[in-house]
Asks: 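The structure under discussion is supplied below as structure tokens; questions concerning it will follow.
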Amino acid sequence: MREAVDCPVTMKLRTSFNGESYGNFWDICSRAVAGKVDALIVHPRAVCQRFSGQADWQFLSELKKRFPSTIIFGSGDLFSADAIKNNMKSSGVDGAVIARGAIGNPWIFNQLREGKDFLAPTLQQQGQVILKHFSLVCKLYEHKKAIRYFENSRCLLQTSSLA
């Protein structure tokens, strides 16, 4: 892949399938680093866990020790700017990839950029984001379809927040 493209090549993976055997993980990482991958993005939780349990950010410390010159991004259980900063500091990784933590909380990115303590958005701020989102959906779909799409998005958001 490295020779086929001019853009950065990254690889995202989880630490194992079942949480018991990590041999394949270390082999895959070694081969990726030897193949000159630009960065590894690792979710330190087993595939079979899905999103249950807690991501093991200390596992990423070992990864960074084994591959100190490789850029390592951590992922998993990043629901606040404080959690991101603390996990990065304790594990020594180079960055973080925010996934579920941004669902319903788009403010997380500004909080990180500004380095401020977390302040829950006001109802007015939440309303502004909802209206902007709806106006963007209306640009893509006729009005009735946009309303149905927007309602489905809200339902999906509520469902994913429970997962």
Asks: Taking the side chain as everything from C-beta on, heavy atoms only, tell me whether Leu140 gets closer than 4.5 Å to Lys145.
Replies: no

Asks: Quick check on Gln124: does its CD atom have over 12 non-hydrogen neighbours (other residues, nucleotides or ligands) under 6.0 Å away?
Replies: no

Asks: Looking only at heavy atoms, what is the nearest atom pair of Lys64 and Gly92, with distance?
Replies: CG-O, 3.5 Å

Asks: Sub-3.5 Å donor-acceptor pair from the side chain of Asp77 to the main-chain atoms of Gln54, do we have one?
Replies: no

Asks: Quick check: are there more than 12 heavy atoms from other residues, nucleotides or ligands sitting under 6.0 Å from CG of Leu123?
Replies: no

Asks: Apply side-chain contact (heavy atoms from CB on, under 4.5 Å) to the pair Asn86 and Trp57, showing each step before the final yes or no.
Replies: CA-CA 10 Å; Asn86 292 338; Trp57 276 74; over 6 Å; no

Asks: When clusters are formed by joining ILVMFWY residues with side-chain heavy atoms under 4.5 Å apart, either directly or through shared neighbours, do Ile130 and Leu136 land in the same one?
Replies: no

Asks: Closest heavy-atom contact between Asn87 and Ser91?
Replies: O-OG, 2.7 Å

Asks: Between Phe59 and Trp26, what is the ring plane arrangement, given parallel below 30°, perpendicular above 60°, and tilted in between?
Replies: parallel

Asks: Would you give the length of the straight line joining atom SG of Cys29 to atom CG of Asn24, rounded to the nearest 0.5 angstrom?
Replies: 11.0 Å

Asks: Could you report the tightest heavy-atom contact between Val93 and Gly74, atom names first, then the distance?
Replies: CG2-N, 4.2 Å

Asks: Between Ile84 and Ile41, is there a shared hydrophobic cluster once you connect ILVMFWY residues whose side-chain heavy atoms come closer than 4.5 Å?
Replies: no

Asks: After noting the C-alpha distance and the side-chain angles of Ile108 and Gln111, does the key distance pass the side-chain contact (heavy atoms from CB on, under 4.5 Å) rule?
Replies: CA-CA 5 Å; Ile108 196 168; Gln111 292 161 3; 4.3 Å; yes

Asks: Residues in ring-ring contact (aromatic ring centres under 6.0 Å, His included) with Phe109, at least two apart?
Replies: none

Asks: First locate atom NZ of Lys36, then atom CD of Glu3, and finally report the distance between them rounded to the nearest 0.5 Å.
Replies: 9.0 Å

Asks: Do Leu112 and Leu78 sit in one hydrophobic cluster, given that two such residues count as connected whenever their side-chain heavy atoms are within less than 4.5 Å of each other, even indirectly?
Replies: yes

Asks: Looking at every heavy atom in both Ser90 and Ser61, which two are closest together, and how far apart are they?
Replies: O-OG, 3.5 Å

Asks: Hey, what do you get for CD1 (Ile72) to CG (Leu40), rounding to the nearest 0.5 Å?
Replies: 4.5 Å

Asks: Only distances under 3.5 Å count here; give the side-chain donor-acceptor pairs of residues 7-15 to other protein atoms, sequence neighbours excluded, each with its distance to 0.1 Å.
Replies:
from, atom 1, to, atom 2, distance (Å)
Arg14, NH1, Ala46, O, 3.1
Arg14, NH1, Arg50, O, 2.8
Arg14, NH2, Arg50, O, 3.3

Asks: Using the rule given for side-chain contact (heavy atoms from CB on, under 4.5 Å), can you reason through Met1 versus Val37, listing the C-alpha separation, both sets of side-chain angles and the distance that settles it, and then say yes or no?
Replies: CA-CA 9 Å; Met1 183 59 71; Val37 70; over 6 Å; no

Asks: Would you please test Arg2 and Asp38 for side-chain contact (heavy atoms from CB on, under 4.5 Å) and show each step?
Replies: CA-CA 9 Å; Arg2 175 74 278 145; Asp38 291 295; 2.3 Å; yes

Asks: Examine Tyr141 and Ile147 and state if one hydrophobic cluster contains both, with Ile, Leu, Val, Met, Phe, Trp and Tyr joined whenever side-chain heavy atoms are less than 4.5 Å apart.
Replies: yes

Asks: Quick one: pull up CZ in Phe73 and CE in Met88 and give me the separation to the nearest 0.5 Å.
Replies: 8.0 Å

Asks: So if you build clusters from Ile, Leu, Val, Met, Phe, Trp, Tyr with side-chain heavy-atom gaps below 4.5 Å, do Phe67 and Leu60 land together?
Replies: yes

Asks: In Å, rounded to the nearest 0.5 Å, how long is the span from CD of Gln58 to CG of Leu63?
Replies: 12.5 Å

Asks: Tell me, please, which residues at least two apart from Thr70 pass side chain to side chain donor-acceptor pair (under 3.5 Å).
Replies: none

